[in-house]
S.K.: 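Below is the structure I would like to discuss, written out as structure tokens.
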Amino acid sequence: SQTIHQWPATLVQPVGSPLSLECTVEGTSNPNLYWYRQAAGRGLQLLFYSVGIGQISSEVPQNLSASRPQDRQFILSSKKLLLSDSGFYLCAWSVHTPLEKLFFGSGTQLSVL
Amino acid sequence: AQTVTQSQPEMSVQEAETVTLSCTYDTSESDYYLFWYKQPPSRQMILVIRQEAYKQQNATENRFSVNFQKAAKSFSLKISDSQLGDAAMYFCAYRSGGFGNEKLTFGTGTRLTIIP
């Protein structure tokens, strides 16, 4: 069966420090991969999605970047965190069929202080 | 770009009663898919129900059903016989039907409270 791993679960970082969040998927190949951010009490904002290795689409120009070095690995990064980067980050995957649902990771709560 | 609007930030309903959550969307496409996701306090995202735009029949999953009005671009969720476990944030979402456009756009959510 397919599983998605996202870590860490909680992260506290100072302003100006770098960030690396990792997400891996098991049990499937060539998935679509997504990074979403959820600010406190708000909806899900799509940050990046990828339909294949090395293919990254950015939805929101900002302080973050994403990479897909392997088929089932999706990394969210920042060189210098801002206070506004705080939030709940969710990784998700899906197959390449529009009707199929997204499978979400358990999320990372990032607090930038 | 497609947008999804949920105009009710919060809703409450008595246990065992029926509640309807609203969702509207804006698109110029004719082929698309709509979803309702639930996010309980655990923050795990759970698919509740989905609808293909080309289907006129409203989707139903047990106590959950939708009222899909394509011309009005409306996709509301009805929860019948509300249970305490239904308390959660509910998100409406849109996905284009075209391959190569793989993103899922979410609304801002409605927080549903169940009153015992």
Side-chain angles (χ1 to χ4, degrees), chain A residues 2-6 8-10 23 25 28 30-53 55-61 66 68 74 87-111, chain B residues 1-10 21 23 25 27 29-55 59 61 68 88-113:
Chain A
Q2 302 92 353
T3 56
I4 179 170
H5 302 281
Q6 184 181 345
T10 306
C23 173
V25 180
T28 188
N30 193 31
N32 293 328
L33 295 171
Y34 306 82
W35 278 111
Y36 286 88
R37 179 171 62 196
Q38 185 177 23
R42 302 291 298 277
L44 275 72
Q45 179 187 36
L46 178 62
L47 302 176
F48 302 95
Y49 69 99
S50 171
V51 300
I53 296 175
Q55 300 178 64
I56 309 294
S57 296
S58 173
E59 288 297 302
V60 183
R68 185 171 178 173
F74 206 25
F88 187 60
Y89 289 80
L90 281 164
C91 180
W93 75 272
S94 75
V95 298
H96 294 271
T97 305
L99 181 60
E100 292 305 313
K101 67 178 182 180
L102 263 62
F103 296 87
F104 286 85
S106 53
T108 296
Q109 180 64 52
L110 173 65
S111 299
Chain B
Q2 294 81 17
T3 58
V4 178
T5 301
Q6 294 178 251
S7 59
Q8 307 153 313
E10 296 183 356
L21 308 183
C23 173
Y25 57 94
T27 184
E29 299 175 331
S30 58
D31 182 21
Y32 53 88
Y33 300 81
L34 297 165
F35 304 80
W36 278 97
Y37 280 84
K38 166 184 175 181
Q39 187 182 43
S42 67
R43 297 217 261 187
Q44 182 63 45
M45 296 290 288
I46 302 167
L47 177 67
V48 175
I49 198 166
R50 52 191 159 187
Q51 173 86 39
E52 300 103 304
Y54 63 85
K55 287 189 175 180
E61 289 286 343
F68 174 48
M89 282 287 286
Y90 286 82
F91 293 98
C92 179
Y94 173 103
R95 183 170 180 175
S96 173
F99 286 96
N101 188 354
E102 314 284 344
K103 62 182 181 180
L104 192 67
T105 302
F106 285 84
T108 53
T110 296
R111 182 174 301 280
L112 178 64
T113 301

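Please read all numbers here as calculations on a predicted model, not as lab measurements. Each chain gets a letter, A, B and so on, in the order the sequences are listed, and its residues count up from 1.
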S.K.: What part of A:Ser94 gets within 4.5 angstrom of chain B, counting heavy atoms only: side chain, backbone, both, or neither?
M.R.: side chain
S.K.: Under a 4.5 Å heavy-atom cut-off, does chain A meet the side chain of B:Leu104, its backbone, both or neither?
M.R.: both
S.K.: Quick one: sort the A:Tyr49 and A:Tyr34 rings into parallel, tilted or perpendicular, breaks at 30° and 60°.
M.R.: parallel
S.K.: Could you look at B:Gln39 and say if it's the side chain, the backbone, both or neither that has a heavy atom under 4.5 Å from chain A?
M.R.: side chain
S.K.: Examine the side chains of B:Arg43 and A:Gln38 and answer whether a donor and an acceptor come within less than 3.5 Å of each other.
M.R.: no
S.K.: Please classify the contact of B:Arg50 with chain A as side chain, backbone, both or neither, using a heavy-atom distance under 4.5 Å.
M.R.: side chain
S.K.: Please classify the contact between A:Leu46 and chain B as side chain, backbone, both or neither, with a heavy-atom cut-off of under 4.5 Å.
M.R.: side chain
S.K.: Answer yes if the ring centres of B:Phe106 and B:Tyr37 are under 6.0 angstrom apart, and no otherwise.
M.R.: yes
S.K.: Side chain from CB out, backbone as N, CA, C, O: work out which of these in A:Tyr36 comes under 4.5 Å of a heavy atom of chain B, or both, or neither.
M.R.: side chain
S.K.: Kindly assign one of parallel, tilted or perpendicular to the pair B:Phe68 and B:Tyr32, based on the angle between their ring planes and the thresholds 30° and 60°.
M.R.: perpendicular
S.K.: Report yes or no: do B:Tyr25 and B:Thr105 form a side-chain donor-acceptor pair below 3.5 Å?
M.R.: no
